Amino acid sequence: MDEESNATYLTLDWYTEINKYRYVFFFVMFTLYILIICTNSTILYLIWIHKNLHEPMYIFIAALLLNSVLYSTTIYPKLLTDFLSEIQVTTYSACLFQFFMFYTLGCSEFLLLAAMAYDRYVAICKPLEYQTIMRKTTVGIFLVMAWLVPACHIAVQAIASAEAKLCDSNIKGIFCSNAVYTLQCERSRLITIFGVFLLIDLAILPMLFIVYTYTKIFIVSHRSCKEIRKKTAETCLPHLLVLISYSMFFVYDISIARVKSDFPKTTRIIMTLQIMLYQPLLNPFIYGLKMKDISKHLNKLLSQAKILSCIKT
C-alpha cells in the first residue's frame with residue numbers, strides 16, 4: 001500500500017483458511033454466543049431478584065457479568081456476519097470503534113476485579129468497618145469509575161489512531177484489537193507514550209493492588225480460625241481464577257502489539273478465542289458454582305424449571 005494513502009477498508013486475514021467450513025463455524029459461534037448471553041444473564045437475573053444478593057460483592061459480580069455480555073456483543077455480531085459474507089471487510093472507522101469498545105470493556109474488567117479485591121479486603125481484614133466503608137455510594141462510585149476511566153483513556157488512543165497514516169489494510173486477526181497498530185506506517189509519539197501510561201494506569205497498578213490486597217487477606221485468614229479460612233477460600237478463589245485467566249490473554253495481547261512477536265496463526269486464534277469464548281463463559285460458571293449463595297439460588301431456579309418441564313410433558 002502507498003505510504004501516502006490512508007486505507008478506508010480493511011480485510012481480516014483469518015477467514016481465508018476456513019472459508020469452506022464457514023457455515024460450521026457460524027453455527028458453533030452462534031451457539032456459543034447464545035450460551036454466553038444465557039449463562040451470564042441467568043446469574044445477573046438471580047442477583048437482581050434476590051435481596052440477599054444485593055450486597056457489594058454480588059453487585060460487583062453482576063457488573064463483571066454485564067461486562068462479559070457487552071464484551072461478547074462487541075465481537076460476535078460482526079464475527080457472525082463475516083462468516084456469512086463472501087468478503088470479510090470493515091471500514092477503518094468501524095474498526096476503531098470496535099477497538100475502543102473492546103479495550104474500554106477489557107480494562108474495566110481489571111478495575112472491577114480491583115474493586116472486588118478491595119471489597120473482600122475490607123470484609124475480611126476490617127469486618128467492623130465494612131458497613132461504614134462499603135456503602136451504596138462507594139459501590140456506585142467504583143462502578144462508574146470502572147467504566148468511565150478506561151473509556152477516557154482508550155478514547156485518546158482511538159482518536160490518535162484515526163489520524164495515523166496506514167501502510168497496510170490486512171488485519172492479522174478476526175476482529176480489531178491491538179493489531180490496528182501494525183497497520184500504521186509509523187506509530188505516533190502520542191500513541192506510544194500514552195499507551196505506556198495506559199498500560200501502567202489500567203492494568204499494572206490494578207494488578208499490583210489486587211496482589212497486595214489478596215496477600216493481606218490470606219495472611220489475616222491464615223491467622224484466623226478454620227471458618228474464616230473457609231469463607232476466604234469460597235469468596236476469593238473465584239476472583240483469583242478469573243484474574244489469572246484474564247491476565248493470560250492480556251499478556252499475549254500486549255506482546256503481539258508492543259513486542260511485535262510473530263506468533264503463529266494457530267496461536268493467535270487460540271489466544272483470541274480465550275477472550276471471546278473462555279472468559280465470558282468462565283465467569284458465570286465460576287461464580288454460579290463456587291459462590292455458595294448464588295449456587296443455592298441457581299439450584300432452586302433449575303429445580304423449578306425442571307418441575308415446569310415435567311408438568312408440561
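The figures that follow rest on heavy atoms only: side chains count, while hydrogens, waters and symmetry mates do not. Computed from a predicted structure; not experimentally measured.
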Heavy-atom side-chain contact between [X] and [Y] under 4.5 Å:
X: Asp82; Y: Lys78; answer: yes
X: Gln184; Y: Ser161; answer: yes
X: Tyr181; Y: Phe99; answer: yes
X: Leu80; Y: Met29; answer: yes

Mutual orientation of the aromatic rings belonging to Tyr118 and Phe142 [parallel < 30°, tilted 30-60°, perpendicular > 60°]: perpendicular

Geometric class of the Phe30/Phe26 ring pair [parallel <30°, tilted 30-60°, perpendicular >60°]: parallel

For [X], all residues meeting side-chain hydrogen bond (donor to acceptor under 3.5 Å, both in side chains), sequence neighbours excluded:
X: Thr104; value: none
X: Thr73; value: Tyr33
X: Tyr130; value: Asp119

Side-chain donor or acceptor of His54 paired with backbone N/O of Ile59 under 3.5 Å: no

Side chain Gln98, main chain Cys176, donor-acceptor under 3.5 Å: yes

Side chain to side chain contact (heavy atoms under 4.5 Å, CB included) between Leu105 and Trp147, worked out: CA-CA 7 Å; Leu105 295 169; Trp147 280 301; 4.1 Å; yes

From [atom1] ([X]) to [atom2] ([Y]), nearest 0.5 Å:
X: Ile61; Y: Asn67; atom1: CD1; atom2: CG; value: 13.5 Å
X: Met101; Y: Ile154; atom1: CE; atom2: CD1; value: 11.5 Å
X: Leu202; Y: Leu198; atom1: CG; atom2: CG; value: 4.5 Å
X: Phe27; Y: Leu32; atom1: CZ; atom2: CG; value: 9.5 Å
X: Tyr71; Y: Asn283; atom1: OH; atom2: CG; value: 10.5 Å
X: Cys125; Y: Ile217; atom1: SG; atom2: CD1; value: 5.5 Å

Pairs flagged by disulfide bond (SG atoms under 2.5 Å apart) wherever residues 63-92 is involved - sequence neighbours left out: none

Positive for side-chain contact (heavy atoms from CB on, under 4.5 Å) with Leu143, one of Thr138, Leu66, Leu112, Leu111: Leu112

Verdict with supporting geometry, Tyr23 and Phe83, ring pair (Phe, Tyr, Trp, His ring centres under 6.0 Å): CA-CA 7 Å; Tyr23 293 111; Phe83 278 127; 9.6 Å; no

Residue pair Ala146 / Ser108: nearest heavy atoms and the distance that separates them: O-CB, 2.9 Å

Contacts of type side chain to side chain contact (heavy atoms under 4.5 Å, CB included), residue Val211, not counting sequence neighbours: Thr215

Side chain to side chain contact (heavy atoms under 4.5 Å, CB included) evaluation trace for Phe60 with Leu64: CA-CA 6 Å; Phe60 288 132; Leu64 200 67; over 6 Å; no

From CA spacing to verdict: ring pair (Phe, Tyr, Trp, His ring centres under 6.0 Å), Tyr103, His153: CA-CA 10 Å; Tyr103 285 107; His153 281 66; over 10 Å; no

Atom CZ of Phe209: over 12 foreign heavy atoms under 6.0 Å: yes

All N/O donor-acceptor pairs, side-chain side in residues 38-47, below 3.5 Å, sequence neighbours left out:
from: Thr39; atom 1: OG1; to: Leu35; atom 2: O; distance (Å): 2.8
from: Thr39; atom 1: OG1; to: Ile36; atom 2: O; distance (Å): 3.2
from: Asn40; atom 1: ND2; to: Ile36; atom 2: O; distance (Å): 2.8
from: Asn40; atom 1: ND2; to: Pro280; atom 2: O; distance (Å): 2.9
from: Ser41; atom 1: OG; to: Ile37; atom 2: O; distance (Å): 2.6
from: Thr42; atom 1: OG1; to: Cys38; atom 2: O; distance (Å): 2.6

Working for side chain to side chain contact (heavy atoms under 4.5 Å, CB included), residues Lys126 and Tyr121: CA-CA 7 Å; Lys126 300 181 179 182; Tyr121 167 76; 3.8 Å; yes

